[in-house]
Amino acid sequence: MDTQYMQSKSPQTQPNNCLGTMSNQFELRFQSLFHSGKALSFPCDSRGDVLLDSLSAKALENYLFARAVVGHEYANPVVQPLEE
């Protein structure tokens with residue numbers, strides 16, 4: 001399994017413009033393999049890096065769950081631009 005999506009970056013180590021990009025332009029989307037309308041998505045940068053420290057407790061739980069069941073419940077995650 002590719003581990004690039006598990007990287008967590010501290011907000012203190014990133015330039016401010018990266019944080020704006022993180023929350024406004026891209027999402028990491030896990031599509032359900034069994035329910036076409038079901039997916040989990042999380043704000044990320046253009047490489048698919050999610051700031052784990054910025055997620056709520058429930059979102060972090062969902063993110064870790066989705067990562068753990070890729071190939072069983074969810075497809076490989078896809079980085080995509082947020083729809084306006």
Closest contact, heavy atoms only, L40 versus N62: CD1-O, 3.8 Å
Quick one: does V79's side chain get under 4.5 Å of C44's, heavy atoms only? yes
Hey, is the main chain of K38 close enough, under 3.5 Å, to the side chain of Q31 for a donor-acceptor pair? yes
Residues which pass side chain to side chain donor-acceptor pair (under 3.5 Å) with Q80, listed by chain and number, not counting sequence neighbours: E27
Say you draw a straight line from CG of L82 to CZ of R29; how long is it, rounded to the nearest 0.5 Å? 10.5 Å
Value for CZ (F26) from CZ (R47), rounded to nearest 0.5 Å, stands at 11.5 Å
Do F30 and L33 belong to the same hydrophobic cluster, where Ile, Leu, Val, Met, Phe, Trp and Tyr are linked whenever their side-chain heavy atoms lie under 4.5 Å apart, directly or via other members? no
Do you know which two heavy atoms are closest between D49 and D45, and how far apart they sit? N-OD1, 2.9 Å
Heavy-atom pair with the smallest gap, counting every atom of P77 and V70: CD-CG2, 4.3 Å
Under the criterion side-chain contact (heavy atoms from CB on, under 4.5 Å), I'd like the reasoning laid out for Y63 against V50: C-alpha separation, chi angles, the key distance, then a yes or no. CA-CA 9 Å; Y63 175 78; V50 175; 3.9 Å; yes
If we only count heavy atoms from C-beta on, is the L60 to L52 side-chain gap below 4.5 Å? yes
Between L55 and P43, what is the shortest heavy-atom contact and its length? CD2-CD, 4.4 Å
